[in-house]
Amino acid sequence: MAGMTNKHETPVFDTPLIDSHCHLDFPDFGDELDEVVARAGRAGISHMVTISTHVTKFPQVKAVAERFDNIYCTVGIHPHQAATEPEISVDELTDMASHPKVVGIGETGLDFFYEHSPRDIQERQFRTHIDVARNTGLPLIVHTRDADTDTIRILEEEYAKGAFPGLIHCFSASQELADRMVAIGMYISFSGIVTFKKADELRDVVANVPEDRVLVETDSPFLAPIPRRGKRNEPAFTAFTAAKVAEVRGITPSALAGLTTANFKRLFTKAAGLMDQTSE
């Protein structure tokens, strides 16, 4: 990683880094999207995955991925929208996931902090997405907040029916949740929260997750890391999060970039194939 003249400058990674979770279709980026993507590239962010939250807005998500060679996308319904979006079937979601640049299913899961949707509908939609991940082999992108017990219950029940790949995104929960998820083959993705001053317990989790299960992300435009906290987040800021994860784990930023990129390609196999095609 190249040096910085001051702590507020975005770190620049010489080893390619991947933002595994961002929302580039959101209006926060608007007409700036080309420059946002260019800034990510200058910081060493080689690829990004822009994440679906509404199936009704999938055309916009898909359009971003189609516009940039180094951006992929997912398709799915965020638990906040579980009650307001169409209750999609496994077949319908599977068909949407066949698009060449769709590399994952979700984000989906449970959010009992806000409970914008009833819990039973969240669970039903969650299980639909799991079926699609199992059937397609595309990784499940799981959002969970204040719902550790039910997230564990559902994922372990479903895993017992047949394995499926996936990750817990923007991890901010307990060591138990991390351990139980790793035990069924899930990956753990860390966001800018790991840089926050009061995130000591989360940094303990960062230190303990097996190195072959660690990913990094921005969840932009949300959760900008220190020293950009309170501002709009963007994929370039993956570098701040990755630098902190490397520090906590006691490895170099370049080593962290190398292992998270390898982990990403192992989990997101469709994306890995596309990456290999564009590098030829």
Side-chain angles (χ1 to χ4, degrees), residues 19-30 48-65 72-90 92-93 96-97 102-133 138-155 158 164 166-174 177 181 186 188-193 196 202 215 217-224 229-230 232-235:
D19 182 357
S20 65
H21 193 114
C22 53
H23 297 281
L24 298 179
D25 67 305
F26 280 24
D28 305 70
F29 297 109
M48 293 148 263
V49 183
T50 188
I51 304 293
S52 171
T53 56
H54 305 64
V55 290
T56 55
K57 295 181 179 180
F58 178 59
Q60 294 96 301
V61 176
K62 180 173 60 174
V64 172
Y72 311 119
C73 68
T74 67
V75 61
I77 300 171
H78 193 288
H80 287 342
Q81 280 74 47
T84 54
E85 284 286 288
E87 188 142 352
I88 197 162
S89 70
V90 170
E92 289 170 325
L93 194 54
M96 297 173 79
V102 171
V103 300
I105 305 301
E107 63 187 280
T108 182
L110 305 173
D111 195 308
F112 296 167
F113 182 81
Y114 287 111
E115 292 202 79
H116 290 326
S117 297
R119 293 186 180 191
D120 61 326
I121 298 177
Q122 290 189 47
E123 178 169 341
R124 193 159 62 243
Q125 292 275 43
F126 190 14
R127 290 184 187 272
T128 295
H129 286 68
I130 293 169
D131 279 345
V132 176
L138 298 177
L140 184 76
I141 316 304
V142 178
H143 169 108
T144 178
R145 188 171 185 190
D146 282 11
D148 286 16
T149 299
D150 287 276
T151 297
I152 290 169
R153 171 180 60 82
I154 292 167
L155 288 171
E158 291 292 338
F164 51 89
L167 65 88
I168 307 296
H169 108 89
C170 192
F171 192 91
S172 60
S174 65
L177 179 64
M181 295 300 94
M186 302 284 277
I188 307 296
S189 183
F190 297 104
S191 71
I193 296 173
F196 296 177
L202 178 59
L215 294 174
E217 64 172 88
T218 57
D219 201 14
S220 52
F222 312 111
L223 298 172
R229 190 173 184 185
R232 183 196 69 185
N233 202 0
E234 60 178 79

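Counting begins at 1 with the first residue of the sequence. Everything numeric in this text was worked out from a predicted model, so none of it was measured.
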Candidate pair Phe196 and Leu202, rule side chain to side chain contact (heavy atoms under 4.5 Å, CB included), full reasoning: CA-CA 10 Å; Phe196 296 177; Leu202 178 59; over 6 Å; no

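- The shortest distance between side-chain heavy atoms of Val55 and Leu93 falls below 4.5 Å.
- To the nearest 0.5 Å, the span separating SG on Cys170 from CG on Leu215 amounts to 13.0 Å.
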Starting from the C-alpha separation in whole Å, work towards a yes-or-no answer on side chain to side chain contact (heavy atoms under 4.5 Å, CB included) for Met48 and Glu234. CA-CA 11 Å; Met48 293 148 263; Glu234 60 178 79; over 6 Å; no

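- At least one side-chain heavy atom of Val142 sits under 4.5 Å from a side-chain heavy atom of Met186.
- Within the 3.5 Å criterion, the main-chain N or O of Ala83 finds a donor-acceptor partner in the side chain of Ser117.
- Under the 3.5 Å distance criterion, with hydrogens and angles disregarded, a donor-acceptor pair is assigned to the side chains of His143 and Asp111.
- Contact between Val132 and Val90 at its shortest, heavy atoms only, is CG2-O, 3.7 Å.
- Of all non-hydrogen atoms in Ile51 and Ser20, the two that sit nearest each other are CD1-O, 4.0 Å.
- In this structure, the separation between CD1 on Ile105 and CG on Leu140 is 8.0 Å, given to the nearest 0.5 Å.
- Among all heavy-atom pairs drawn from Ser191 and Leu223, the shortest one is OG-CD1, 4.2 Å.
- Taking the side chain as every heavy atom from C-beta outward, Leu24 and Pro235 approach each other to under 4.5 Å.
- Contacts of Arg153 classified as side chain to side chain contact (heavy atoms under 4.5 Å, CB included), with partners at least two apart in sequence or in another chain: Glu123, Arg127, Asp150, Glu157.
- Within the 4.5 Å cutoff, the side chain of Met181 has heavy atoms near those of the Ile152 side chain.
- Asp146 contributes no side-chain N or O that, together with a main-chain N or O of Phe112, makes up a donor-acceptor pair within less than 3.5 Å.
- Rounding to the nearest 0.5 angstrom, the gap separating the CD1 atom in Ile77 from the NE2 atom in His129 is 5.0 Å.
- Here CG of Leu177 is found 4.5 Å from CZ of Phe171. Values are rounded to the nearest 0.5 Å.
- Looking only at side-chain heavy atoms (C-beta outward), Tyr114 and Pro79 stay at 4.5 Å or farther from each other.
- The shortest distance between side-chain heavy atoms of Ser220 and Phe29 falls below 4.5 Å.
- Considering only heavy atoms from C-beta on, Leu155 comes within 4.5 Å of Phe164 through its side chain.
- Atom-to-atom distance recorded for Thr74:OG1 and Met96:CE is 10.5 Å, nearest 0.5 angstrom.
- At a cut-off of 3.5 Å, with distance as the only test, a side-chain donor of Thr218 or Asp19 sits close to an acceptor on the other residue.
- Looking at Asp219 and Ile193, their side chains never come closer than 4.5 Å, going by heavy atoms from C-beta outward.
- To the nearest 0.5 angstrom, Ile130 atom CD1 is 7.0 Å from Thr108 atom OG1.
- Heavy-atom neighbours of Arg232 CZ from other residues, nucleotides or ligands within 6.0 Å: above the threshold of 12.
- Counting only residues at least two apart or on different chains, the side chain to side chain donor-acceptor pair (under 3.5 Å) pairs with a member in residues 50-65 are Thr56-Glu85.
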